[in-house]
Each structure stands twice: as structure tokens, then as C-alpha cells.
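One structure below.
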Amino acid sequence: MKGSSAMKYIDEFRDGKLARGLARAIAAEADPARSYRLMEFCGGHTHAIFRYGVQDLMPENLKFVHGPGCPVCVLPMARIDQAIAMAVEHGVTLCTYGDLMRVPASERRSLLKAKAEGADIRMIYSTQDALAIARADSGRQVVLFAIGFETTTPPTAVALKVARAEGLANFSVFCNHVLTPPALATILASAGPESDAKPTPGQVELDGILGPSHVSTIIGSRPYEFVPEQFGKPVVIAGFEPLDVMQSALMLVRQINQGRCTVENQYTRAVTRDGNAKARALMAEVFAPRETFEWRGLGFLPGSALRLADTYADFDAELRFPVAPGEGREIKGCECPSVLRGVMEPTDCKLFGTVCTPDNPMGACMVSSEGACAAYWSYGRFRQSGRPAAAGVSA
Ligand code: SF4
């Protein structure tokens, strides 16, 4: 793409002059007679858009729609309930990443509250930390509460292979890894009309997709080829820097204007068509697809998540420490499911900035560093909506 060779270094991907040039190109090419609704799948894109004010640089008729690509946000409450039950009922040491600690579970509980009540729940930075805890005390059962998209799945696979090689009998994995393409298919299957006809409630209007960056480094761009083929929508795999997002938006505008519909790759410095063959082979060896899995906001999606392969069943925490399925009772008024489907903006939620803030989150979208509500709050976007924050609450 013209100009891309100039954007070699990280500063250049945030360069104001280049950004203004891209903004001018988008404004010049966007057809004022139509609208462009582009869904950024990843929470990382959402945060780049808000942090750098990318939406403000777009013409009025180009709007970013926030997608479900926040791994903490799409985890259904019932799975957090189950993890807490594992720690409390079986007395295991539950290891997980920081974002997940404060996500509300049923009955206003959370992993952090369960820890305060005495459960052994530990925050880790990598799967290797969980292995180290298991090695340090062979008398303690250590469960890795593994979540995330295809990006974080290979490190879990490595941990399982290491645990097997070392004979770590006190290590197991509560597997909640999910797959991106089935979620994208579900959103597109429920997407509204392309014309100016009004969508029915619960439908999201989309003209194109900004595809995931980190996920795509693993799976490549090939798995998105069903999107133009089956749904007639263009996809551009986009990097996470602001100029990546803007350049990708320009590529989508061009495809839409030219009536083209294909998968293009803006993030060529990291993504190939076939992705990381080694990581994919590792995932195929250690995991198997689940028949179905619940996503917050999207419901049960067939083939959308992974479980441990039968050959690793002895490391499966769900088999080793069975607990009753969680209740997963959503907090009344929390609109996370609609925010995750792109049919509502965070500021449409009555709890936003009043009851729900990062200090007192009511839903996962306000907790996670990739959540759309957290992005609106952190970068002050609620002010543009004309919606004041609650008295005594400041961003
Ligand atoms: S503002 Fe809070 S309660 Fe509302 S959708 Fe976002 S996270 Fe859920």
C-alpha cells in the first residue's frame, strides 16, 4: 500500500502528520451519499480508536462499531461462578490473569471477593507462573483458569506440554479458550440490512470488518475468507496502532466504494495468510473443539471454543474437580451483552458512569483493559455523548 513503507517505526504509526494525511484521504474518498459502519472486532482496536481520537478524525458518515473481541468480556458469568466453586469447594489454588479478578460473578461475587473470603486465588502474569506455583508445592492442586482467543491459547498448550513432560500431577487447566471466526459468523448472521432501511432491534448494521491483529498472527487471514464469500462483507486485518486503524478504514472505504469484497491484510508486518504454523499445530495437538460454548452477549455458539484433547484429559480441571454449572445471573440493568454485539454503545447503558465505573464495575466491559465501557470511561468519551458522570465521580 502506498505510504506503508514510511511507517516502519512505532512513532510513525502514531505520527500526527501522517494521521492527518490519512484522515484527508478518507474524507476525500468517503461517498457523502452513503454511510460506512465498520466493526472493529478487537478491544485493542476500540482502545486505540478512543485513546488517539481516531473517530474524531473520520468523516461524519464513517462510524466504528465496537465488536466482541475482549476475552474477559465475552466469558459468561457462569464460568466465573464455576471457577470460584472450584477454589472454594475443592480447595484448589486457582491462578488467573489480573483483569478477570474483578469481573462480577453471580450474587455480586468475584474472584477477588472470593479471595478476600479465604479462597486461594492468585493473579499471574503468564502460564509459566502457574507452573512455578505447582512446582513449588506438590501437595497443592494448582488450576490455571485459562481464557482468551487464539492469541493466548498457544501459551496454555505449552504449559500443558511442560506439565506432562515434568510429570506435574498437581497441575491442571480450566479451559475457556474461544475461537474468533464462529463469533464473527454469528454477528454477521444477525447483522441488519445494508440499505437505509432501519434494522430491527438487536440487529447491528455493518458494512465492513476490521479484523483482529494478534489473533490473526496465529490463525492467519485465511479463516476470514468465509466473510466475503458467505456474507458479502469486506474484511481488512488491522494492526493496533492508530495509523493501522486509519489505513485499514481507508482500505475498507475503497473496497466498499469499488463494490469489491475480499479479505485484505493491512497488518502485513505480522500476519500472513496461513498464520503461525507451529502455534496452530500445537493447538491442534493439545486441544479439541467443543460442541458448543456460551459467549456473553452472543449465547451458545457451536464449535466456538476449545477443550483439552482426550490425550490431555488427565490435566482437565473440569474432569478432576467437577462442580455444578454456574448460575450466571447478570446484574439487572447491565447492557454488556448488547454492547458486545455492537447494538448498543456503552453510554446507552443506564448504569454507565452512575452505578458502574471502573472503581465499582457492574459488568466485564467496564473492568477489562479491552472493554468498550472502560475505553469510553478512560478516554472521556461519555462527555461527547452529553451524558454527565454521577456526582462525585470523575474519570
Ligand atoms: S456500563 Fe457497566 S453495566 Fe453498563 S454495559 Fe458497561 S459494564 Fe455493563
Side-chain angles (χ1 to χ4, degrees), residues 39-51 55 63-81 84 96-113 147-148 176 178 183 186-187 190 201-204 294-299 326-395:
M39 175 175 270
E40 82 275 7
F41 187 89
C42 287
H45 289 137
T46 308
H47 277 252
I49 288 165
F50 289 141
R51 181 173 180 190
Q55 181 68 70
K63 191 168 175 342
F64 292 109
V65 179
H66 322 309
C70 158
V72 170
C73 305
V74 296
L75 186 70
M77 218 179 231
R79 299 295 283 185
I80 304 174
D81 293 345
I84 292 173
T96 195
Y97 304 112
D99 269 9
L100 206 45
M101 295 290 278
R102 296 194 315 127
V103 174
S106 297
E107 311 291 344
R108 302 296 307 275
R109 299 189 81 198
S110 68
L111 292 168
L112 200 61
K113 285 182 186 165
I147 69 156
N176 294 273
V178 289
T186 300
I187 286 174
S190 65
Q203 281 186 323
V204 59
E294 187 185 5
W295 291 54
R296 186 176 288 201
L298 301 182
E327 288 183 42
R329 274 194 226 143
E330 293 287 348
I331 288 168
K332 209 170 160 213
C334 172
E335 302 287 1
C336 281
S338 298
V339 170
L340 288 165
R341 289 201 313 277
V343 296
M344 267 191 162
E345 291 189 6
T347 43
D348 295 331
C349 173
K350 288 194 176 74
L351 305 186
F352 180 90
T354 54
V355 180
C356 182
T357 66
D359 288 339
N360 184 39
M362 294 291 121
C365 299
M366 188 60 96
V367 179
S368 171
S369 58
E370 295 182 57
C373 299
Y376 269 60
W377 181 266
S378 302
Y379 305 114
R381 294 292 137 182
F382 60 90
R383 296 195 189 101
Q384 288 182 344
S385 73
R387 176 146 184 198
V393 179
S394 59

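On a predicted model such as this, the values are computed, not experimentally measured, just so you know. In each ligand, atom 1 is the first atom listed, and ligand 1 is the first ligand listed.
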Numbered atoms of ligand 1 (with element) below 4.0 Å of [X], judged on heavy atoms:
X    : value
C336 : 5 (S), 7 (S), 8 (Fe)
C334 : 3 (S), 8 (Fe)
G363 : 7 (S), 8 (Fe)
C373 : 1 (S), 5 (S), 6 (Fe), 7 (S)
F352 : 1 (S)
M362 : 3 (S)
M366 : 7 (S)

Exercise. Which part of C356 is near ligand 1, with near meaning a heavy atom under 4.0 Å away: side chain, backbone, both or neither?
Worked result: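 Just the side chain.
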Can you tell me how far the [atom1] atom of [X] sits from the [atom2] atom of [Y], to the nearest 0.5 Å?
X    : Y    : atom1 : atom2 : result
E335 : R341 : CD    : CZ    : 9.5 Å
M39  : H66  : CE    : NE2   : 9.5 Å
S368 : H47  : OG    : NE2   : 6.5 Å
C336 : M344 : SG    : CE    : 11.0 Å

For this session: Would you confirm whether N360, through its side chain, and T357, through its main-chain N or O, come within 3.5 Å as a donor-acceptor pair?
Result: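 Between the backbone of T357 and the side chain of N360 there is no qualifying donor-acceptor contact (under 3.5 Å).
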Exercise. Is there a donor-acceptor contact under 3.5 Å from the side chain of S190 to the main chain of I187?
Worked result: yes
Exercise. To which protein heavy atom is atom 4 (Fe) of ligand 1 closest, and what is the distance rounded to 0.1 Å?
Worked result: C349 SG, 2.3 Å
For this session: Decide yes or no for V72 and V367: does some side-chain heavy atom of the first lie under 4.5 Å from some side-chain heavy atom of the second?
Result: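 No; the side chains remain at least 4.5 Å from each other.
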